[in-house]
Amino acid sequence: MAVQESAALWRPWPKPSTGVLLLFLAAVLSFCSVHATTAIPHGPALKNILMIVIDDLRPQLGCYGAEPMRNTTPNIDRLAADGVMFQRAYVQQAICSPTRNSFLSGRTPLKTKVWNFLNHFREPEIGINWTALPQFFRDKGYYTTGAGKVYHPNFPPNFDNNKSWSVPWPGSFGRCGCGGHGWPPGGQASCEGLDPSTLSCQDEDVVAVVRGQLARATNGSLPQPFLIAAGLHKPHLPFYAPQHLFDLYPDPALPTLRTVPDGAPDVAHHSCLSNRPGLNNSNWGQFTDIPNAMSLRTPMSVASTKRLRRGYYASVSYTDSNVGHILEAAAPLFNSTIVVLIGDHGWDIGEGNRWCKMHEYENSVRVPLIIRAPWVQKQRGMKVAEVAAAVDLYKTLADLSGLGVEQVESGVDGVSLAPLVRGLGPGEAPPRTVATSQFPRCYSALNATAPSVLPYADRTDCQDVPRTLFDYMGYSIRTKQWRLTEWRHWDRAKLQGRWDIPAAAVELYNHTHDLVLSPGDVFGSERRNVASESGAKHVLAQLSETLRKAFHEQDE
């Protein structure tokens, strides 16, 4: 399906029919009261849920203060202005299938054992009998449906159709091509400059399906309460958008730091399609518009860097427009519907000489998380600086929906973020103070798993290397001020890190001032690894103990 609007960044949300006028007025008043500080009355007991999951979206949004997006993501910004925006939200692994297996099952990768594209949580020895997040609501009487890339395709198999969803899941998940076959070899990394008549994006098909579901809910032909999940593929590579959105970013700034952080170990680095041990250079040459001319110590050219950054920004604006179309259809239901928007993980666009995700740095694991539940919110447009995790979604939605956390089965990880949505009272402790994440590294098994599962050879991010052949696992914790990562040798028999010997490498970064992406889009405190500095000795010891409790004790 071609892009329907070539001149507008977004559409206003229209007035509904007379039958839903009161609900619409409530929604309009909500959006017109962005700066209101009074509590909003509670609504009925059980609430609908609209969950929007966006691929590869870091907090590159106007509402997060990110340059140059202050006026180019209006729909998500409006949602944040009416909801609660979490400023320190983190995923548990920065790659598509593992992160979705984690927050949709309600378990961290320590339990799912999903670290690449070879496994899923429904395997018999793992979680075949677990109650996944959508399944929890289905079992409680909700009508669960949606479209797009919510579960990663085939992980678990068939989108977990027989358990998670009330009706079979639509097969399309939003592929968008930029020439060739839509993915290397043969295609471009960015659609900029291509003939728009030759381009299409299935994200628009996803939007159409979800809008239809919301319209049926509005007219009463779709059962309520419901959970409708929308999975949007952009801004995942390749960077798709109509040309007028590329034109919004004529000369994007270069990253403030284009080389690896001082003192950072090589094992920490990854740069998208890396397949050479030690060098970690990217095989960008599989895209026809990007020369393959970078390595661990040599950044991508200025021209290619700007082209890719402009492409990412344009693709984010394109997705913002699609989010606007979904929210437009949901507006009549706002008074009885929780809206949650989350990125499945972040992305690097040249910061620290990194591209894509697949590591433990801030841009890779930090995501936007916005929740709108006005009947419990302390105020609209609230910004929460406490630490949150994607795995918290399960218990949070159970809590806010009216079902209650006590209904969630034992074994589900995470905490309810509902106290933060409501607003903490005087002296009330936050639900969590530490978020965890992890990522493997593979070197010795590269090219040993032929034929490769993926069409572009084995990679150091372990995408198609069996978990019994990993070399290292990076274990990371994030507090409000610090990030500590320990790279542990991998026990291939026990499928866990080696805690009986010293870590292979350690990283410590001070994030005291990092909440807003600067014009160069780099978290300044990740310029230098301070783990070996004498002044950090005490905090390193404290955090190392916290990390060990979070991972080693759970592994055992």
Side-chain angles (χ1 to χ4, degrees), residues 53-58 60 91 94-100 116-117 148-149 152-153 172-194 198-204 206 231-242 245-246 249 252 255 270-275 280-294 300-301 303-320 322 343-351 353-359 363-364 367 454-457 459-461 463-464 521:
V53 181
I54 303 177
D55 214 333
D56 285 14
L57 182 65
R58 71 187 196 175
Q60 192 74 43
V91 297
I95 194 168
C96 303
S97 178
T99 183
R100 294 162 189 263
N116 57 19
F117 291 162
K149 188 180 176 183
H152 191 85
S172 169
F173 70 93
R175 281 274 176 150
C176 311
C178 291
H181 300 291
W183 187 251
Q188 294 189 178
S190 171
C191 290
E192 183 178 14
L194 295 178
T198 66
L199 305 177
S200 64
C201 185
Q202 291 176 354
D203 272 4
E204 292 158 43
V206 171
L232 299 177
H233 195 231
K234 298 296 98 177
H236 191 290
L237 275 170
F239 298 138
Y240 177 96
L245 298 183
F246 290 100
Y249 311 101
H270 188 81
S271 194
C272 199
L273 308 184
S274 296
N275 58 12
N280 282 296
N281 65 322
S282 291
N283 199 5
W284 281 96
Q286 294 183 74
F287 291 105
T288 59
D289 56 334
I290 303 296
N292 189 24
M294 66 174 292
M300 190 176 286
S301 71
S304 292
T305 297
K306 290 195 172 189
R307 176 175 175 82
L308 290 172
R309 289 169 74 81
R310 183 164 52 248
Y312 184 84
Y313 299 156
S315 200
V316 170
S317 289
Y318 168 71
T319 286
D320 177 80
N322 283 328
D344 71 340
H345 45 67
W347 229 79
D348 268 291
I349 43 177
E351 298 89 2
N353 199 23
R354 298 182 302 272
W355 297 86
C356 292
K357 51 260 186 179
M358 307 154 189
H359 50 70
N363 284 352
S364 193
V367 295
L454 297 177
Y456 33 79
R459 289 156 47 162
T460 57
D461 58 23
Q463 280 198 29
D464 59 349
D521 299 334

Which heavy atom in [X] sits nearest to a heavy atom in [Y], and how many Å separate them?
X: A241; Y: S315; result: CB-N, 4.2 Å
X: V53; Y: R100; result: CG1-NH1, 3.6 Å
X: Q188; Y: T288; result: CG-OG1, 3.3 Å
X: P255; Y: T305; result: CD-CG2, 3.9 Å
X: N116; Y: Q463; result: CB-O, 3.3 Å
X: I54; Y: P235; result: CG2-CD, 3.9 Å

Would you please test K306 and Y249 for side chain to side chain contact (heavy atoms under 4.5 Å, CB included) and show each step?
CA-CA 10 Å; K306 290 195 172 189; Y249 311 101; over 6 Å; no

Would you say the side-chain atoms of D289 pair up with the backbone N or O of S190, donor to acceptor, closer than 3.5 Å?
yes

I'd like to know if the side chain of T99 and the backbone of D344 have a donor-acceptor N/O pair within less than 3.5 Å.
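Present.
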
Could you tell me whether the side chain of [Y] reaches within less than 4.5 Å of the side chain of [X], counting heavy atoms only?
X: C356; Y: L237; result: yes
X: Y313; Y: P252; result: yes
X: S364; Y: V91; result: no
X: F246; Y: R307; result: no
X: L308; Y: I349; result: no

Between L194 and L199, is the side chain to side chain contact (heavy atoms under 4.5 Å, CB included) condition met? List the steps.
CA-CA 8 Å; L194 295 178; L199 305 177; 4.0 Å; yes

Mind checking whether F239 and Y312 have parallel, tilted or perpendicular rings, split at 30° and 60°?
perpendicular

Can you confirm if the aromatic rings of H233 and Y240 lie within a centre distance of less than 6.0 Å?
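Ring centroids of Y240 and H233 are no less than 6.0 Å from each other.
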
So among K149, K357, K234, which one has a salt bridge (Lys or Arg N to Asp or Glu O under 4.0 Å) with D55?
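Output: one option passes, namely K149.
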
Measuring from R309:CZ to M300:CE, what's the distance to the nearest 0.5 Å?
11.5 Å

Could you state the interatomic distance from CH2 (W347) to CG (D56), rounded to the nearest 0.5 Å?
6.5 Å

When you measure from the SG of C176 to the SG of C191, is the result less than 2.5 Å?
no

